[in-house]
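Pasting a structure below so you can have a look.
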2 protein chains.
Amino acid sequence: MVRPTMEDVALRAGVSRALVSLVMRGSPKVSEMRRSAVLKAAEELGYSPHAMARSLASRTSTVLGVMVSDLHNAFFAEVVDGIDEVARERGFDIIINTGGRSPARERRALESLLSFRPAGLVLLSPVVPATAIGKAAEQLPIVLVARSSRLSTVDTVNDDGETGARLAVDHLVSLGHKRIAHLDGGEGSQAGPRRRGYVAAMEAHGLVPQVVSSEYTDTAGARAIRSLLADDALPTAILSCNDFNAVGAISALEDAGLHVPHDVSVVGYDNTSLAALRHVSLTTIDQPRAEFGRLAADALLQRVREERTEPVRHLLNPSLVVRTTTAPPGGPR
Amino acid sequence: MVRPTMEDVALRAGVSRALVSLVMRGSPKVSEMRRSAVLKAAEELGYSPHAMARSLASRTSTVLGVMVSDLHNAFFAEVVDGIDEVARERGFDIIINTGGRSPARERRALESLLSFRPAGLVLLSPVVPATAIGKAAEQLPIVLVARSSRLSTVDTVNDDGETGARLAVDHLVSLGHKRIAHLDGGEGSQAGPRRRGYVAAMEAHGLVPQVVSSEYTDTAGARAIRSLLADDALPTAILSCNDFNAVGAISALEDAGLHVPHDVSVVGYDNTSLAALRHVSLTTIDQPRAEFGRLAADALLQRVREERTEPVRHLLNPSLVVRTTTAPPGGPR
DNA sequence: TTACAGCCTTAGAGCGCTCCAACCAATAGA
DNA sequence: TCTATTGGTTGGAGCGCTCTAAGGCTGTAA
């Protein structure tokens with residue numbers, strides 16, 4: 001269980017440690033003869049460089065840290081894909097860590113990530129207080145995804161929830177709907193912009209907004225529908241705050257003997273894999289998740305290379321994905 | 001962007017670097033006076049120890065590496081929860097990394113994880129060849145989750161798919177079903193044990209097994225049902241290879257005007273969050289995922305502490321979760 | 001007074017690596 | 001022939017920390 005060091009490789013190849021170092025870093029100023037001798041020795045010994053010692057000595061790092069607030073959410077997996085893609089392209093490795101949606105755990109995750117002295121950090125929808133982020137940002141470049149910030153030291157990448165909500169409303173209106181309710185996400189992140197976008201779009205069409213308080217879960221969506229039914233205030237179309245909420249809403253509608261989209265059209269938000277299931281086939285708003293990741297990694301690397309010190313605020317455009325839960329009022333069952 | 005070192009803290013506190021080191025490691029042989037002086041100085045400077053330098057100097061590591069083959073699958077998130085729980089309890093940190101289900105990427109992920117010289121590695125359902133795992137196992141303790149191995153140097157944690165399938169069949173038989181088909185997972189991991197368990201359980205009940213070739217996706221599940229319908233060979237109950245497949249099957253059954261569970265009962269496998277959605281409410285087989293993680297971390301730490309050198313093979317019992325997609329033949333719609 | 005425990009504290013070596021300056025051919029230019 | 005120059009190679013310092021062995025204090029006993 002003891003790994004060979006550069007010294008061992010040097011000894012075996014009959015060269016100096018410094019030369020092995022040059023070979024390992026792919027320096028051009030090494031003769032072909034020595035290079036192959038060194039590589040051969042390394043191969044035979046099963047040597048691979050010690051990233052920490054390297055980073056310690058060079059005072060640089062080729063590692064990007066990624067803090068994922070919730071590993072259970074596939075949304076983040078796709079963002080990580082984007083980060084990973086760009087990072088690998090530029091010769092950086094990523095290490096991931098999770099905060100489990102708890103500020104305390106997240107704090108520890110952050111601390112742990114920091115202790116590796118990565119070149120920079122991407123925080124995916126962090127729940128720690130802004131001050132903690134600001135403090136970390138004094139030590140290394142930080143990019144926030146799916147969370148906004150006024151800190152001038154951090155970059156942010158977000159989707160434009162107002163636009164997304166507007167797209168959904170426009171779609172429903174173009175199908176002929178006039179009574180469109182929004183089941184909102186309460187305090188949930190991004191719930192604000194979505195609600196504002198919905199209200200603005202409704203007003204732009206000369207329609208009356210109807211915001212129903214709800215949450216980002218399927219049970220909350222079902223509950224909201226039941227309350228609408230009880231109040232006899234059911235609209236012809238529903239814009240849910242996210243896909244889970246929408247699925248819950250659909251289920252409550254069907255329980256009540258109503259048909260989607262014949263009686264009520266439903267639009268989700270996020271385009272999760274759930275929405276794509278043929279059993280669900282939900283019309284929804286898609287966010288360019290991998291693009292989030294790519295932009296985040298890109299912004300981070302710009303800071304790492306000190307190519308930029310001004311903060312960047314990316315606001316990406318969501319898009320509408322039409323499936324089978326929307327139709328003109330009275331349309332197909 | 002330059003972080004303070006132990007030297008800076010020592011200078012500020014008016015003590016030696018070694019004393020700061022003792023304080024940081026929580027040594028009891030430091031006077032209360034000095035300890036508080038050091039902690040105060042560290043606080044003021046925003047100092048936190050450099051994990052890599054520490055690990056380099058101490059030739060030990062308090063980091064466990066976790067390689068997740070597919071970050072998109074929430075299954076792994078729950079395993080990670082279990083690992084994280086045990087690791088934190090014992091003062092270890094984890095760093096995660098993903099292979100994106102591609103052997104090449106996974107290899108690189110492994111290499112990257114290895115370069116941090118963690119105390120040990122947990123590989124979640126890795127797709128790299130066994131030889132690569134064996135080679136890594138020469139350098140540090142390794143535990144495999146959701147993948148078996150004959151290597152005597154690695155521990156494994158798996159669920160008992162045969163038992164799971166048997167539980168499902170027993171449940172259906174107890175409801176009165178006699179014609180029960182299995183939509184199988186083909187080459188997918190764990191598909192073999194599930195199929196074997198299904199066949200064995202059917203035969204144990206004196207029933208005729210009916211294995212339909214399928215895959216771990218919802219479209220495959222729907223396809224399998226359509227082929228059964230076309231052949232006029234629809235049974236009264238279906239055991240799918242996983243939840244996605246089951247949802248696809250249900251959807252195809254409903255498209256054909258059949259009712260679940262009135263006409264056909266359906267059982268999934270995995271108890272994903274999908275199954276728990278009230279819109280789906282799928283009877284399924286649950287695997288103790290967090291327990292996988294806890295056992296994996298535990299086994300790893302035993303090796304790390306050299307408390308054990310014999311391999312351990314955990315085979316955990318799955319359990320049945322009854323929801324609303326199963327009923328006696330001709331039962332409720 | 002000296003001796004001798006404790007108990008704290010510290011200097012210094014060294015972990016595996018990078019990087020710099022110096023070095024050593026071998027060749028080119030004068 | 002001698003000096004530059006170039007291309008390849010090397011020793012040594014040092015990154016931020018830990019760990020060992022050796023110190024410096026006190027206070028108590030002889």
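Any value given below was found using the heavy atoms of this structure, including those in side chains, with hydrogens, waters and symmetry copies removed. Naming convention: chains lettered A, B, ... in sequence-line order (proteins, then strands); numbering from 1 in each chain.
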I want to verify a distance call: between dC17(C), dG11(D), dC15(D), whose nearest atom is closest to the Arg59(A) side chain?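 Nearest nucleotide to the side chain: dC15(D).
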Reckon Arg17(B) touches a base, only the sugar-phosphate, or nothing at all at heavy-atom distances under 4.0 Å?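 The answer is base, as Arg17(B) lies within the cut-off (heavy atoms under 4.0 Å) of a base atom.
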When you look at Leu124(A) and Ile83(A), which way does the side-chain contact (heavy atoms from CB on, under 4.5 Å) test go after all the steps? CA-CA 11 Å; Leu124(A) 304 187; Ile83(A) 297 174; 4.3 Å; yes
Tell me: CD of Glu7(B) to P of dG14(D), nearest whole Å?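 After rounding, the gap between these two atoms is 13 Å.
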Are any of Ser21(B)'s side-chain N or O atoms less than 4.0 Å away from OP1 or OP2 of dT18(D)?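 It does, given that an N or O in the side chain of Ser21(B) lies less than 4.0 Å from OP1 or OP2 of dT18(D).
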Of the listed nucleotides (dG16(D), dT18(C), dT10(D)), which one gets closest to any side-chain atom of Ala18(A)?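 Of the candidates, dT10(D) comes closest.
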Take Leu315(B) and Asp159(B) through the side-chain contact (heavy atoms from CB on, under 4.5 Å) test and state the conclusion after the steps. CA-CA 5 Å; Leu315(B) 205 60; Asp159(B) 100 303; over 6 Å; no
Measure the distance from CG on Leu11(B) to P on dA11(C) and round it to the nearest whole Å.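 Nearest whole value for this atom pair: 12 Å.
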Considering only side-chain heavy atoms of Ser31(A), which listed nucleotide, dG16(D), dT10(D), dT9(D), is closest?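 Among dG16(D), dT10(D), dT9(D), the one nearest the side chain of Ser31(A) is dT9(D).
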To the nearest Å, give me how far apart CG (Leu22(B)) and P (dG16(D)) are.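 In whole Å, dG16(D) P lies 19 Å from Leu22(B) CG.
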Ignoring backbone atoms, test whether Ser16(B) places a side-chain nitrogen or oxygen under 4.0 Å from the OP1 or OP2 oxygen of dT10(C).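 For dT10(C), OP1/OP2 do have a side-chain N/O of Ser16(B) under 4.0 Å.
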How long is the line joining CZ of Arg54(A) and C1' of dC15(C), in whole Å?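 Atom CZ in Arg54(A) sits about 16 Å away from atom C1' in dC15(C).
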Assess the residue pair Ser48(A) and Arg3(A) against the criterion (side chain to side chain donor-acceptor pair (under 3.5 Å)); give the C-alpha distance rounded to whole Å, side-chain angles, the decisive distance to 0.1 Å, and a yes or no. CA-CA 9 Å; Ser48(A) 80; Arg3(A) 303 197 58 167; 2.6 Å; yes
Taking atom P of dT18(D) as reference, at what distance in whole Å does atom CE of Met52(A) sit?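 Distance check: Met52(A) CE to dT18(D) P gives 13 Å.
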Run the salt-bridge test on Asp81(B) and Arg289(B) with the 4.0 Å N-O cut-off and return the result as yes or no.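 No, Asp81(B) and Arg289(B) are not salt-bridged.
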Choosing from dT18(C), dT9(D), dT18(D), which nucleotide comes nearest the side chain of Ala57(B)?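 When the side chain of Ala57(B) is considered, dT18(D) is the closest of dT18(C), dT9(D), dT18(D).
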From dG8(D), dT10(D), dC17(C), nucleotide with atom closest to Lys29(A) side chain: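 Within the option list, the nearest is dG8(D).
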Do Lys135(A) and Glu138(A) meet the salt-bridge criterion of a basic N to acidic O distance under 4.0 Å?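 Here Glu138(A) does not pair with Lys135(A) in a salt bridge, since their nearest N and O are not under 4.0 Å apart.
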Separation of atom NE2 in His50(B) from atom C1' in dC15(C), rounded to whole Å: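 Between C1' of dC15(C) and NE2 of His50(B): 13 Å.
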Starting from C1' on dT26(D), measure out to CZ on Arg34(B) and report it in whole angstrom.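 About 13 Å, once rounded to whole Å.
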Please give, in whole Å, the distance from dC19(C) C1' to Met24(A) CE?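 It is 17 Å, rounded to the nearest whole Å.
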Give the nucleotide from the list dC15(D), dT9(D), dT9(C) with an atom nearest to the side chain of Leu56(A).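 In terms of side-chain proximity for Leu56(A), the closest of dC15(D), dT9(D), dT9(C) is dC15(D).
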Given dC17(D), dC19(C), dC15(D), identify the nucleotide with an atom nearest to the side chain of Ser58(A).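 The answer is dC19(C).
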